[in-house]
Amino acid sequence: MCYFHFLISILLLSIFNTSSLAAPPSYNVVSFGAKPDGRTDSTKAFLSAWANACGSPRAATIYVPPGRFFLRNVAFQGPCKNNRITIRIDGTLVAPSDYRVIGNAGNWLFFQHVDGVTLNSGILDGQGTALWACKNSGKNCPSGATSMGFSNCNNIAINGLTSLNSQMYHVVFNGCNNVKLKGVKVLASGNSPNTDGIHVQLSSDVTILNTRISTGDDCVSIGPGTSNLWIENVACGPGHGISIGSLGKDLNEAGVQNVTVKTVTFTGTQNGLRIKSWGRPSNGFARNILFQNAIMKNVQNPIIIDQNYCPDNIGCPGQVSGVKISDVTYQDVHGTSATEVAVNFDCSSKYPCSRIRLEDVKLTYKNQPAAASCSHADGSASGLVQPKGCL
């Protein structure tokens, strides 16, 4: 009988130890001194919570309770001792209202060399309106900080996050792999300069789902070195559309390939589906691109390839783009154009666009068939295509 009780005790102890091991540590930023008053600087408290979570050999959670937490620029550095850190935000993170505080920092919230981080819910308030006014006035202003940047990170998930009024870009992924964004909201004024919603470059296997973006620049911008990007169920507007590019700024540049953009809606945007490259030599490329099931609502340039991008006519006049664009399909694209030319392929004279396909495209301008313009573009049209193709 004693031996039996001994076995029961060992079993219960084992169960207790297992259950205690299964409970991941949780770090509430308030316990490290953060104040939810929107005024007290909570930067050190957030860094302390991160240091504990990152230093834990087991999965860990950082919790941000309701309230407004004022933060200066923060760098969450890895590598960490575990690859399962969850950051749950029930409150709002607030940037300094004086844009000079972080305006030259590059990033407001920055993750670098981390693996396996999940961010759930929460609001980022970049307080960028004063900087936008400075830029729009033509004054000498800081470039502005990206609200949330990820550099050289793997296995990142962002769910239900809202980004408001970023100084510059809202969310940026540079050199990252296996990233998934779902249910993200990006909100900024249509006249907010350089406030791209989501920017991806030098990254692979990135998925963007069920996202609503209203901003003053590209809703999603896709930079050099992007591959295996999937964008689905995204609403864009106001903004400059979903843009691949600009590409070809540098002579030696990684290309863009295997991009799918499907079930997207553009409302009152400057562009819909855009590919753009600098009009100068480059070994860059864009290939294997699928644009599928897109709705245009009063969009200025619903479908556009612009290979003569040369802002302010500096560094490229008289040159042609070296970026090679091929295997681009536009499938099931419908809606209204705000300009007469709804399809515009302005490709490189040295390296014409090849294997461009239009399938079931119907775009109108003032209740009439819109027009198409093609320069140095080769491809095919199938199904009902309106405007009639010029390929």
Side-chain angles (χ1 to χ4, degrees), residues 196 199-202 217-218 220-227 229 240-261 269-292 294 299-331 333 337 339-359 361 363 370-382 385 387-391:
D196 294 40
H199 178 73
V200 182
Q201 66 181 28
L202 298 171
D217 211 297
D218 294 331
V220 181
S221 53
I222 301 159
T226 299
S227 62
L229 171 65
H240 292 183
I242 293 178
S243 295
I244 297 176
S246 50
L247 306 178
K249 186 176 183 180
D250 298 322
L251 178 62
N252 296 307
E253 185 178 274
V256 172
Q257 58 188 336
N258 303 332
V259 175
T260 297
V261 178
T269 53
Q270 185 184 94
N271 307 287
L273 306 168
R274 174 168 65 165
I275 302 174
K276 65 174 179 174
S277 69
W278 286 75
R280 62 191 192 194
S282 175
N283 62 1
F285 62 84
R287 62 192 181 211
N288 298 332
I289 315 295
L290 172 62
F291 297 115
Q292 183 182 67
V299 174
Q300 292 180 40
N301 301 293
I303 293 176
I304 181 169
I305 296 178
D306 176 11
Q307 290 206 260
N308 292 291
Y309 180 66
C310 188
D312 301 320
N313 288 318
I314 296 174
C316 38
Q319 303 183 70
V320 296
S321 178
V323 174
K324 301 176 183 67
I325 296 175
S326 62
D327 296 291
V328 182
T329 299
Y330 302 87
Q331 188 178 82
V333 181
S337 175
T339 60
E340 187 175 357
V341 178
V343 176
N344 185 4
F345 296 135
D346 186 12
C347 298
S348 169
S349 59
K350 187 174 182 180
Y351 301 103
C353 299
S354 61
R355 296 184 296 279
I356 307 298
R357 288 178 286 271
L358 295 172
E359 302 174 5
V361 173
L363 295 166
S373 173
C374 296
S375 179
H376 309 293
D378 178 68
S380 62
S382 63
V385 174
K388 291 183 178 180
C390 54
L391 293 170

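As the structure is a prediction and not an experimental result, all values here were calculated from the model. Reckoned from all heavy atoms, side chains included, excluding hydrogens, waters and symmetry mates.
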Side-chain (N271) to main-chain (H240) donor-acceptor, under 3.5 angstrom: yes
Pairing residues for N252 by the side-chain contact (heavy atoms from CB on, under 4.5 Å) criterion, not counting sequence neighbours: N283
Side-chain heavy-atom pair L290, V259 within 4.5 angstrom cut-off: no
Where P302 and L363 come nearest, the two heavy atoms and their spacing: CB-CD1, 3.9 Å
S277 and S321: CA distance, side-chain angles, deciding distance, side chain to side chain donor-acceptor pair (under 3.5 Å) verdict: CA-CA 7 Å; S277 69; S321 178; 2.9 Å; yes
Distance-minimising heavy-atom pair for V256 and G223: CG2-O, 3.3 Å
Side chain to side chain donor-acceptor pair (under 3.5 Å) partners for E359, two or more places apart: Q331
Expected output: side-chain N301 to main-chain Q270 donor-acceptor under 3.5 Å: yes
Least distance between heavy atoms, A254 atom then L202 atom: CB-CD2, 4.3 Å
Set of salt bridge (Lys or Arg N to Asp or Glu O under 4.0 Å) partners for R287, sequence neighbours left out: none
Residues forming a ring-ring contact (aromatic ring centres under 6.0 Å, His included) with Y309, sequence neighbours excluded: W278
Student check: side-chain heavy atoms of L229 and I222 closer than 4.5 Å: yes
For the student: nearest non-hydrogen atoms of V341 and S337, plus distance: O-OG, 4.2 Å
Side-chain touch V343/I304, heavy atoms, less than 4.5 angstrom: no
T226 (side chain) donor-acceptor with V200 (main chain) under 3.5 angstrom: yes
Pairs meeting criterion salt bridge (Lys or Arg N to Asp or Glu O under 4.0 Å) with involvement of residues 271-281, two or more places apart: D218-R274
Atom pairs and distances, donor-acceptor, side-chain atoms in residues 371-381, under 3.5 Å, two or more places apart:
none

Residues in side chain to side chain donor-acceptor pair (under 3.5 Å) contact with Q201, at least two apart in sequence or another chain: N174, H199
Sequence neighbours excluded, every pair satisfying salt bridge (Lys or Arg N to Asp or Glu O under 4.0 Å) that has a member inside residues 244-259: none
Check: V323 main-chain N/O paired with Q307 side-chain donor or acceptor under 3.5 Å: yes
Separation between OH of Y351 and OG of S282, rounded to the nearest 0.5 Å: 10.0 Å
With sequence neighbours excluded, residues passing side chain to side chain donor-acceptor pair (under 3.5 Å) with T329: R357
Derivation and outcome, side chain to side chain contact (heavy atoms under 4.5 Å, CB included), residues I356 and I305: CA-CA 11 Å; I356 307 298; I305 296 178; 4.3 Å; yes
E340, CD atom: more than 12 neighbouring heavy atoms under 6.0 Å: no
Criterion side chain to side chain contact (heavy atoms under 4.5 Å, CB included) against R355, the qualifying member of I325, D327, N288: D327
Results of side-chain contact (heavy atoms from CB on, under 4.5 Å) for K350 - residues two or more places apart only: V320, S348
Contacts of type ring-ring contact (aromatic ring centres under 6.0 Å, His included), residue F345, not counting sequence neighbours: Y330
Option passing side chain to side chain contact (heavy atoms under 4.5 Å, CB included) with V328 (candidates L273, I303, I289): I289
Test side chain to side chain donor-acceptor pair (under 3.5 Å) applied to D217 - qualifying residues, sequence neighbours left out: none
From CG (L391) to SG (C353), nearest 0.5 Å: 9.5 Å
